[in-house]
2 protein chains.
Amino acid sequence: MHDIRVTGFRWVPPFAQGLIRDLRVRWALQEAGLSFEVDLIDFSERDSDTHVAKHPFGMVPVFEAEGQDLFESGAIVLQIAEKSETLMPRDPNGRAATIAWMFAALNTVEPPLEALLAIDLLHGGEEWADLRRPGAIEAVNARLRPLANRLGGRDHLTGRFSAADILMTTVLRFIRHTELVAAFPEVEAYVQRCQARPAFRKALSEQIAGYARNEPVAA
Amino acid sequence: MHDIRVTGFRWVPPFAQGLIRDLRVRWALQEAGLSFEVDLIDFSERDSDTHVAKHPFGMVPVFEAEGQDLFESGAIVLQIAEKSETLMPRDPNGRAATIAWMFAALNTVEPPLEALLAIDLLHGGEEWADLRRPGAIEAVNARLRPLANRLGGRDHLTGRFSAADILMTTVLRFIRHTELVAAFPEVEAYVQRCQARPAFRKALSEQIAGYARNEPVAA
């Protein structure tokens, strides 16, 4: 892949820094050893015609490689994984298990975790959010418990580090403002293990450095 | 693929009939012209050791093919699509676009739609649900509006019917109890177009027939 470009936001408020989904793509590219350029857009530009032409839902990341635009972090990480054995084994069974866990991260684990994030950090203080919070925590635990069971003595979701761990770790970070992950030692150790990878640390520090450079003067 | 088996539930209440995710897999298999057997389990069996060994989160569907168990409807539909040009074009750009829209259906569109389904059909009458409903509808419309823009004059999400349309249609069905889709004529026509496919009709009628055969006597 040549001339890879990843689109993220120029700046987001501190509560969102390190959670925006271009982190997944940056991390996958670091693991795969692929160099890339970053395009940063203002949050207010996300609904512009130019950006919506690249991302129909006006979100980030957008990924440009080999002259094609691609959207959806899961699809982008899968495309990178298909080119890097670090991110996905080549054998059909290993590949299928990796993809199953990628979808599990995004379609089964992410929704209740992102719902709790929204309750606490976007809707905090609204009456419905206070009333819903206990049920939302229960929904999160209903995902963390089977995840802890799955991990058991495993270091990673499948037999080795893969793209699925990138997605699951970035999903689990959505509730970093709570102690819920820490209540499941296998999951806590797993997140720490994945976040200790040099590729993650580099991806995160570069994402955060961009926000620091572009912090609004008035903020 | 030989000896394909799909696991679904023996019976679910009427509000959930036609929404359970084995429908996606049945539909994909019908489109691909692959025959399969169905294993139905009681809803109460979903947390059993036997079932959790196949599906770590105790959900359906499970897919068994070539001696391997696979979970997550998105991953299963992708695996079927990789073997059927009806479901996914072979050229890299068409393939990438199909996969992008598959993730968009499950990771961008599904969460707010399923949240509204839960508010109306699982938590109806709870105080938080009543208070949250207007915001939840707004979140749904924030996905339907760009989807309508994308569809415009298109018949399908990409240039042709694909696995992405299977996932998006089954996601849009989550709010069939509302008039929200009907408010976007392009989206409404799209859902009708996809649901008119013989493979969808066969998959749905077989899923529903199973529930009818297994309706609890006391229900």
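In what follows, chains carry the letters A, B, and so on, assigned in the order in which the sequence lines appear, proteins first and then strands, with residues in each chain numbered from 1.
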On a heavy-atom basis, which atom in B/Ala96 and which in A/Leu70 lie closest, and how many Å separate them?
O-CD1, 3.5 Å
Just so I understand: if I count every heavy-atom pair under 4.5 Å between each of A/Pro111, A/Gly74, A/Ala115 and chain B, which residue has the most?
A/Gly74
So for B/Glu82, is it side chain, backbone, both, or neither that comes closer than 4.5 Å to the heavy atoms of chain A?
side chain
What part of B/Val109 is in contact with chain A, defined as an atom under 4.5 angstrom from a non-hydrogen atom: side chain, backbone, both or neither?
side chain
B/Ile76, part contacting chain A, at a heavy-atom distance under 4.5 Å
neither
Would you mind checking which part of A/Leu106 comes under 4.5 Å of any heavy atom in chain B, side chain (CB onward), backbone (N, CA, C, O), both or neither?
both
Between B/Pro56 and A/Trp101, the two heavy atoms sitting closest are CG-CZ2, 3.6 Å
Would you compute the distance between atom CG of B/Asn107 and atom CD of A/Glu72 and round it to the nearest 0.5 angstrom?
5.5 Å
Check each atom of B/Asn149 against the heavy atoms of chain A and say whether the ones under 4.5 Å are side chain, backbone, both or neither.
neither
Based on non-hydrogen pairs under 4.5 Å, which of A/Ile99, A/Val52, A/Asn93, A/Asp69 is most in contact with chain B?
A/Asn93
Contacting region of A/Arg95 [heavy-atom separation from chain B under 4.5 Å]:
side chain
Between B/Leu147 and A/Phe57, the two heavy atoms sitting closest are N-CE2, 4.3 Å
Heavy-atom pairs under 4.5 Å with chain B: which of A/His123, A/Met102, A/Glu114 has the most?
A/His123
Counting heavy-atom pairs under 4.5 angstrom with chain A, the leader among B/Arg150, B/Arg143, B/Arg145 is B/Arg143
Nearest atoms (heavy-atom pairs only) where A/Phe71 meets B/Ala104:
CE1-CB, 3.9 Å
What are the two closest non-hydrogen atoms of B/Ala97 and A/Gln68, and how far apart are they?
N-NE2, 4.4 Å
Give, for atom CZ of B/Arg132 and atom CG of A/Leu131, the distance between the pair rounded to the nearest 0.5 Å.
13.0 Å
